[in-house]
Amino acid sequence: MASSSSSTWSFLITLICIFLFMGLSFAGDPFKFFNFEVSYIDASPLGVSQQVIAINGKFPGPTMNVTTNDNVVVNVRNKLDEELLLHWSGVQQKRSTWQDGLPGTNCPIPSKWNWTYQFQVKDQIGSFFYFPSLHFQRASGGFGGITINNREEIPIPFDLPYDDITIMIGDWYTRNHTSLRSTLLAGKDLGKPDGVLINGKGPYRYNDTIVPDGIDYETITVHPGKTYRIRVSNIGISTSLNFRIQNHNLLLAEAEGSYTVQQNYTSLDIHVGQSYSFLVSMDQNASSDYYIVASARFVNQSQWQRVTGVGILKYTNSKGKAHGPLPEPPQDEFDKTFSMNQARSIRWNVTASGARPNPQGSFRYGSINVTEIYVVQNTPPQMVDGKRRTTLNGISFVNPKTPIRLADQYKLKGVYKLDFPTAPLTGPPKMETSIINGTYRGFMEVILQNNDTKMHTYHMSGYAVFVVGMDFGVWSNNSRGTYNKWDGIARTTTQVFPGAWTAILVSLDNVGVWNLRTENLDSWFLGQETYIRVVNSEPTNKTELPMPDNALFCGQLGKLQKPQDISYATSMRGNESKFSFMIIMLVSAIFVVFQ
């Protein structure tokens, strides 16, 4: 009996070794697997019980920790009572617009269904985040960090930090997203937020009058003498926040996938949708804990005192609790010059390696001829066809029932128009599905003109854009004389100050349909977005991957959708399909052996 058992296990070990060898033979870039169960939970981040959106029961969701070129597989179980899409903000989805998780590219995941995303973080490093992109859901949570680490063979331009910390900051309402959504649809403003959260938690009680008792706050414990990499993302709705840590310098190291020229800041303005990472040395005497603060910018501080996030930085040898007033924010409610100069100071480290061994600055964007120019102007909310809407160039975007990329795949007509204007329209605003016809391998200049009264952040999916200039007033051709053509930061967002402009350059080398939007969630929800369609006239898998096997269908193609059996389908392709096949074979073999 013992001999039989021994021979059985010897056979299994041999079989496993064979399959492992096959796996290595098929292996290219590694796979990272995540399971996300998206559901409602009850929480009270500001002391008021409310329903929030959690990932795997956590609010915020888990940080996805991956490495350059990893293949990322995320199985999403939608346990909400409405449709869901997850967007991987800043992940460029190279050759794979199908995985971007936006209504222009994907049909939504129905309630109670599974769907599996599969994408590669090709040639990327840096700090990003994910969030639900439909129905104003981000206002209730469902977000989390994305960290893309360098491969071991690629040097980073600083000493390896002791540890890595992710911080999510953002304005917050005690009403959930369905209530906020109804307010916007009724033609009303959301009003002042109820507070600011740090990692899903309310403020430390630094002031007994302002902060009620019993609020759970974020505490980050650190070791004295160590240096930490702290990644901070503003995942809020519409409030720019100033981030600072009491008595500690923030050495800026990276912004949304680009290493920066390293500069110290006592505080930094982080606008909605933006991400940075800082190197912070724990070099204080720990006589007490220290405040971590995220406070609203460009507001009357006395009226917005409650809209302040406060956490605690706690040394392991701390001698007491934090006390006293918070560290002061910039004192410039009506003058945004300081903030703009701070934004201009963020520059690309042209000598550092990014995701590849060659220096970031080897891509000399300033010497490339521009082939397409768009002046994109917003306005404050206005009435369009009897509804309060927001616009870009006089067009309030309407998401089609059939996603744009899916319509192209099946050669459907009339889903969208390739007529987004290159400059603001002069007639009355209109509601349309109007998109930009980008030229594959073209080099586009986009001037973002903010005619609104509030700060906006703009994001372009599929690319890193070069932020080459910004100034107050109206952009003109003469403004190009101020462009930074050498070390303008390459990132996925840029701030545009009210009454000002920002210019970006982008190389259209990624085939697909890519979203250009304001990150301000209320304005985005009301139509301030468009898409850029980039097509290779000679279709090939080298420039765009095929439509995934598990693609969902909706709109005009809804009849193609299979019933609930799709809920367990995945989009395994190439090496991963072979790996799955090997696993099935191995399990089958084990089953046979033990019969």
Q) How would you list all residue pairs meeting salt bridge (charged side-chain N to carboxylate O under 4.0 Å, His left out) that involve residues 459-483, not counting sequence neighbours? A) Arg344-Asp471, Glu445-Arg480
Q.
For residues 370-387, which residue pairs pass the salt bridge (charged side-chain N to carboxylate O under 4.0 Å, His left out) check, not counting sequence neighbours?
A. none
Between [atom1] on residue [X] and [atom2] on residue [Y], distance to nearest 0.5 Å:
X	Y	atom1	atom2	answer
Trp115	Phe36	CH2	CZ	14.0 Å
Ile235	Phe131	CD1	CZ	10.5 Å
Tyr531	Ile436	OH	CD1	12.5 Å

Q.
Using a 6.0 Å cut-off, check whether atom NZ of Lys454 has over 12 heavy atoms from anything other than its own residue.
A. yes
Q) For Lys411, does the NZ atom have more than 12 heavy-atom neighbours from other residues, nucleotides or ligands under 6.0 Å away? A) no
**Q.** Note: Lys188-Asp522 ion pair, threshold 4.0 Å (strictly below)
**A.** no
Q. Do Arg405 and Asp100 meet the salt-bridge criterion of a basic N to acidic O distance under 4.0 Å?
A. no
**Q.** Residue pairs fulfilling side chain to side chain donor-acceptor pair (under 3.5 Å) with at least one residue in residues 502-513, sequence neighbours excluded
**A.** none
**Q.** Residue pairs involving residues 408-453 (criterion ring-ring contact (aromatic ring centres under 6.0 Å, His included); sequence neighbours excluded)
**A.** Tyr410-Phe553
Q: Can you tell me which residue pairs pass the ring-ring contact (aromatic ring centres under 6.0 Å, His included) test with a partner in residues 175-196, sequence neighbours excluded?
A: none
Q | Least distance between heavy atoms, Ala43 atom then Pro45 atom | A | C-CD, 3.5 Å
Q: Would you kindly say whether Glu254 and Ser277 are connected by a side-chain donor-acceptor distance under 3.5 Å?
A: yes
Q) Residues in salt bridge (charged side-chain N to carboxylate O under 4.0 Å, His left out) with Glu519, at least two apart? A) Arg138, Arg517
